[in-house]
Novice: 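Below you will find the structure I want to go over with you.
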There are 2 protein chains.
Amino acid sequence: MADRKTYHHGALRQALIDGAKEILAESGHEQFSLNEVARRAGVSTAAPYRHFTNRDDLLSAVAEEGYRTLADDLEKATGLVGLGGAYVRFAHEHPGLFVTMFRSRPGGEASAAGEAAFGTLLRAVVAAQESGEIVSHASPELTARSIWATLHGLAVLHLQRPHERYGLGGEPEELAATTLSALLGVKPG
Amino acid sequence: MADRKTYHHGALRQALIDGAKEILAESGHEQFSLNEVARRAGVSTAAPYRHFTNRDDLLSAVAEEGYRTLADDLEKATGLVGLGGAYVRFAHEHPGLFVTMFRSRPGGEASAAGEAAFGTLLRAVVAAQESGEIVSHASPELTARSIWATLHGLAVLHLQRPHERYGLGGEPEELAATTLSALLGVKPG
DNA sequence: ATGCGATGTGAACGGCACTAACATAGCAGC
DNA sequence: GCTGCTATGTTAGTGCCGTTCACATCGCAT
């Protein structure tokens with residue numbers, strides 16, 4: 001091992017996170033291996049433990065970056081339907097990362113970036129209510145939470161190949177548009 | 001090993017499925033171990049391979065039974081809100097099983113029991129439209145799919161402890177009722 | 001009664017997450 | 001510049017995992 005120039009890697013922590021993302025993109029969450037990440041970074045399998053307490057800690061750091069990327073994607077979107085499309089598309093394009101982000105963690109802590117993403121959704125809902133894009137008699141918070149649940153369920157079911165038959169296999173944007181339209185009567189404009 | 005009466009177990013296949021459910025209920029999907037299942041059934045770690053091609057095959061059989069239980073629960077529920085509450089409650093009461101049922105399987109096949117569950121949802125949506133419980137301008141199929149996505153997202157997010165703060169930590173029935181109400185304007189009656 | 005197929009065993013393989021003891025190097029204070 | 005502390009790396013090992021293979025046992029049809 002250690003066929004790199006210097007004994008110390010220099011930026012191992014980020015290299016491990018990047019490598020982990022790579023593996024998640026190639027093979028998915030269930031196939032993820034900490035040893036494989038170390039191998040790709042060109043270090044021993046014990047090295048990651050200098051930067052992360054365990055495998056799950058690394059995955060949490062990866063998830064954190066995922067939340068930031070998702071929040072950015074949602075920021076870029078315009079309109080409620082656009083935001084919904086961006087949410088489902090993120091899951092579509094980064095399925096392994098998406099699963100990692102929302103894996104069930106018994107004692108999982110909250111994520112600052114996750115909060116930011118929800119904040120963006122909330123603002124979009126308020127804007128949609130003000131512009132008349134949607135009509136909801138419930139509070140913006142409840143409406144936002146409900147739409148989030150819908151988008152999240154859409155994203156998760158979309159990743160399930162066997163459920164393609166229910167019409168959940170189409171393009172993310174179309175999926176989000178038709179679904180939000182069916183529930184809220186939003187126009188795809 | 002083999003401190004049971006007869007050399008052959010007699011009903012090992014079902015015992016393995018039951019044991020797997022037990023482990024999922026106790027420790028969750030991520031902690032599931034095939035060796036542990038064999039140990040609980042009192043057989044060697046190689047024995048399960050006489051009944052299942054691999055670990056994933058056993059989990060699929062477990063998931064199939066889960067789909068049947070879920071379909072039964074949904075059948076028993078009355079009204080769209082009742083059905084939604086039953087869906088989220090199922091996830092709440094059997095989180096490990098729920099995760100196993102909807103884990104991302106690359107080449108996963110469809111489940112007959114899963115179809116039945118969706119059929120029940122579809123009928124409930126049609127009934128709700130006819131009784132005036134909800135007003136949707138979309139087709140029953142699209143509406144049912146959209147509601148399914150909402151309920152599924154609600155269930156998944158409900159299992160995420162860190163997201164309790166968004167109000168997703170309450171009772172399953174209340175969660176389903178307020179969410180469906182916010183999106184469709186259904187009355188909690 | 002026999003023998004064949006179904007079902008279970010024990011021992012092995014490689015891979016995994018993780019740990020402990022040790023090696024190297026960057027850097028701060030003298 | 002030398003010294004030594006601390007951060008960061010390695011090697012070797014532990015125990016568990018999923019899976020396979022050769023072999024043992026037994027139920028059942030002929």
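Numbered from 1 within each chain, the chains take letters A, B, ... in sequence-line order.
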Novice: So which one's nearest nucleotide on DNA chain D is more toward 5', B/R50 or B/R55?
Specialist: B/R55
Novice: From the options C/dT7, C/dG10, D/dT10, select the nucleotide whose nearest atom is closest to the side chain of B/S44.
Specialist: C/dG10
Novice: What I want to check is whether the side chains of B/W148 and A/Y166 have a donor and an acceptor closer together than 3.5 Å.
Specialist: no
Novice: Please state how far atom CD in A/E30 lies from atom P in C/dC16, giving the value in whole angstrom units.
Specialist: 15 Å
Novice: When the distance from CD of B/Q31 to C1' of D/dC16 is rounded to whole Å, what number comes out?
Specialist: 12 Å
Novice: Expressed as a whole number of angstroms, how long is the span from A/E36:CD to C/dA17:P?
Specialist: 10 Å
Novice: Look at the side-chain N and O atoms of A/S33 and state whether any lies under 4.0 Å from the OP1 or OP2 oxygen of C/dA17.
Specialist: yes
Novice: For D/dA7, take OP1 and OP2 only and decide whether either is under 4.0 Å from a side-chain N or O of A/H51.
Specialist: no
Novice: Determine whether the aromatic ring centres of A/Y67 and A/F102 lie less than 6.0 Å apart.
Specialist: yes
Novice: Who pairs with A/T100 by side chain to side chain contact (heavy atoms under 4.5 Å, CB included), at least two apart in sequence or on another chain?
Specialist: A/L24, A/H29, A/L59, A/R103
Novice: From C-beta outward on A/V43, which listed nucleotide comes closest to its side chain: D/dG18, C/dT9, D/dT10?
Specialist: D/dT10
Novice: Just wondering, do A/I147 and A/Y87 contact through their side chains at under 4.5 Å, heavy atoms?
Specialist: no
Novice: How long is the straight-line distance from CG of A/L83 back to CG of A/L151, given to the nearest 0.5 Å?
Specialist: 7.0 Å
Novice: For B/Y49 and C/dA12, what is the distance between atoms OH and C1' respectively, to the nearest whole Å?
Specialist: 14 Å
Novice: Nearest-Å distance, CG (B/N35) to C1' (D/dT19)?
Specialist: 9 Å
Novice: Which of the following nucleotides, D/dT19, C/dG10, C/dG8, is nearest to the side chain of B/A46?
Specialist: C/dG10
Novice: Using a 4.0 Å cut-off on heavy atoms, which residues in residues 11-20 of chain A reach DNA chain D? List them by number, or say none.
Specialist: A/L12
Novice: Could you check whether any side-chain heavy atom of B/H158 comes within less than 4.5 Å of a side-chain heavy atom of B/R89, counting everything from C-beta outward?
Specialist: no
Novice: Starting at atom CG of B/D57, determine the distance to atom C1' of D/dG18, rounded to an integer number of angstrom.
Specialist: 14 Å
Novice: Quick one: which of C/dA17, C/dG8, C/dC16 gets closest to the side chain of A/L34?
Specialist: C/dA17
Novice: May I ask you to verify if any side-chain N or O of A/N54 is less than 4.0 angstrom from the OP1 or OP2 atom of C/dA17?
Specialist: no
Novice: Does B/R145 come within less than 4.0 Å of B/E141, counting only side-chain N to carboxylate O?
Specialist: no
